[in-house]
Amino acid sequence: MDENSEKITIDNEELERKDTVIVKCPGCGANMNFDPTTQTLKCEHCGTIEDFSKSKSVKEIDILNSLNERETWDEESSVYRCDNCGAVVVLSPHEVAKNCPSCGTSHIVKSSELAGLKPNAVFPFTLTKEEGLQKAKVWAKNRFFAPRAFKKSLVVDNVQGVYEPCFTFDSFTYSTYNGRIGKRHTRVVGSGKNKRTETYIVWRRISGSFAYNFDDVLINATSSYEQRDLDRLKPFNYDTISVYEKKFLFGFMARRHEKSVSDSWEEAKVVMDGELKRRILSQYVYDVVDYLNVSTTHERVTYKYVLLPIYNLIFNYKNKPYKVHVNGNTGKTTGKTPVSALKVCLVVFGVLAVIALIAVLMNLQ
Ligand SMILES: [Zn+2]
Ligand SMILES: [Zn+2]
């Protein structure tokens with residue numbers, strides 16, 4: 001283990017030395033950006049490709065020792081803040097932010113804030129911007145009530161590749177529980193005219209112990225991104241997860257974490273509690289739960305600070321931003337579109353017209 005960590009440090013130092021050569025294209029001097037198709041750095045001007053070393057051995061950080069493990073991200077990134085909505089994003093130093101990934105406006109300015117913790121893992125973008133846009137278009141096609149202007153806004157210039165931060169937690173849990181569950185039964189009561197079926201519940205007390213190992217419970221680490229949206233974009237392809245390396249960021253934005261590891265761990269425990277209740281109850285046959293008390297201990301808790309590749313598309317409609325998110329790793333899409341009042345009216349009138357027509361036809365008969 002010690003040997004391994006030493007090896008990683010040496011590799012990093014080698015990369016630091018090569019950096020100045022790799023960031024600028026050796027052919028023409030233009031910027032090199034991360035290319036999802038080849039998983040290398042590619043010159044935005046002449047297409048020259050430079051590979052860089054990637055490691056798949058992502059380390060889990062012990063939550064108890066996390067203070068010693070914390071490396072900051074500050075020296076290798078610039079922080080920008082949006083004057084319009086307050087979003088904070090992180091870029092590699094040679095890049096300049098043009099649009100805010102939260103509200104789409106260009107009121108984004110360089111800030112002296114710090115980038116905070118350094119991520120230790122990244123799911124690289126495997127879809128290009130164009131491929132991400134195609135996924136969003138297929139998704140939008142099925143949104144019947146979305147206004148035409150929204151569908152027209154699905155152009156590559158409006159798409160931003162952003163690494164969204166999250167913490168993923170592992171925990172070995174041991175729980176004891178007790179509760180009361182019930183099963184509905186029916187019986188026939190009365191006789192003659194009063195004969196009827198009634199439902200009654202047979203209650204049963206349950207108790208026991210339950211062990212479960214959680215792996216990578218994913219908690220969104222910013223307030224500008226909804227946990228719900230993140231959950232809808234899951235899963236991410238774990239075959240692609242790599243040790244964080246700043247070159248994955250070239251050409252993309254990243255949002256820095258706003259929640260602390262410990263606050264996120266509190267949220268993870270709530271998610272785990274819910275999951276444990278579900279798993280405990282799934283061992284029984286029941287219709288109703290009177291109560292279920294679960295007491296859980298967590299052991300060997302570890303976390304990773306992970307960047308998730310997401311293409312965001314922001315569509316401003318009547319002064320309100322609507323966002324579509326595409327998982328840049330798998331293409332899964334989620335989001336909100338405004339509803340076209342015109343289309344809703346047309347459908348309502350259409351339905352009324354059909355009803356009216358049926359009424360007329362029935363009268364004729
Ligand atoms: Zn070049
Ligand atoms: Zn903004």
Side-chain angles (χ1 to χ4, degrees), residues 18-52 77-116 128-129 136 150 153 155 157-165 220-227 229-230 246-259 307-326 328 334-338:
K18 276 191 226 156
D19 256 2
T20 41
V21 189
I22 290 179
V23 172
K24 295 286 173 194
C25 171
C28 71
N31 281 340
M32 302 285 278
N33 286 336
F34 179 74
D35 174 43
T37 309
T38 57
Q39 298 285 301
T40 61
L41 293 183
K42 189 175 179 182
C43 173
E44 59 192 18
H45 181 68
C46 74
T48 296
I49 279 173
E50 285 265 10
D51 205 355
F52 61 96
S77 48
S78 325
V79 176
Y80 284 76
R81 178 179 277 275
C82 174
D83 275 347
N84 186 46
C85 73
V88 178
V89 292
V90 176
L91 274 91
S92 39
H94 74 285
E95 276 171 277
V96 182
K98 292 179 198 86
N99 291 98
C100 169
S102 292
C103 69
T105 63
S106 57
H107 304 292
I108 187 157
V109 288
K110 199 161 178 180
S111 142
S112 58
E113 289 165 87
L114 297 174
T128 62
K129 222 181 198 187
F150 165 74
S153 77
V155 291
D157 285 348
N158 293 342
V159 180
Q160 286 208 56
V162 184
Y163 281 105
E164 300 290 349
N220 160 38
T222 77
S223 52
S224 38
Y225 212 80
E226 305 256 352
Q227 181 71 36
D229 287 328
L230 203 58
K246 61 183 162 191
K247 292 184 180 71
F248 284 117
L249 247 69
F250 289 2
F252 296 95
M253 285 189 181
R255 226 189 281 271
R256 73 167 180 186
H257 71 101
E258 289 162 28
K259 293 183 203 161
L307 296 180
L308 305 170
I310 295 169
Y311 284 113
N312 290 329
L313 198 140
I314 301 154
F315 174 66
N316 281 301
Y317 189 69
K318 295 185 174 161
N319 292 324
K320 239 183 107 183
Y322 292 84
K323 296 175 197 174
V324 178
H325 313 284
V326 181
T334 184
K336 253 195 201 144
T337 72

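For ligands, and for the atoms within them, numbers begin at 1 and follow the listed sequence.
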N/O/S from Cys43 sitting under 2.8 Å away from the Zn ion (ligand 1) =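 Checking the Zn ion (ligand 1) against Cys43, an N, O or S atom does fall under 2.8 Å.
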
inquiry  = Is the ring pair Phe315/Tyr322 parallel, tilted or perpendicular, if the boundaries are 30 and 60 degrees?
reply    =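 The rings of Phe315 and Tyr322 sit tilted, inter-plane angle from 30° to 60°.
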
task = May I ask you to decide if the ring planes of Phe52 and Phe248 are parallel, tilted or perpendicular, using 30° and 60° as cut-offs?
result =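 Aromatic pair Phe52/Phe248 classed perpendicular.
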
task = Report yes or no: does His107 have an N/O/S atom closer than 2.8 Å to the Zn ion (ligand 2)?
result =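 No - counting backbone and side chain alike, His107 has no N, O or S atom under 2.8 Å.
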
task = To 10°, measure the SG(Cys85)-the Zn ion (ligand 2)-SG(Cys103) angle for me.
result =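 So the angle at the metal works out to 110°.
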
query = At the Zn ion (ligand 2), what is the angle formed between atom SG of Cys82 and atom SG of Cys100, rounded to the nearest 10°?
reply =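 The two atoms subtend 110° at the Zn ion (ligand 2).
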
Degrees at the Zn ion (ligand 1) between the SG atom of Cys25 and the SG atom of Cys28, nearest 10° =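 Rounding to the nearest 10 degrees gives 110°.
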
query = With distance as the sole test, does Asn158 use its side chain to make a donor-acceptor pair with the main-chain N or O of Ser153 at under 3.5 Å?
reply =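 Yes: the side chain of Asn158 pairs with the backbone of Ser153.
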
message = Tell me if a side-chain donor or acceptor on Lys259 pairs with a main-chain N or O of Asn220 at a distance below 3.5 Å.
response =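 Yes; judged by distance alone, with no hydrogens or angles, the pair exists.
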
ask   = Any chance the side chains of Asn31 and Lys24 put a donor and an acceptor closer than 3.5 Å?
value =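 Yes, side-chain donor-acceptor contact under 3.5 Å.
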
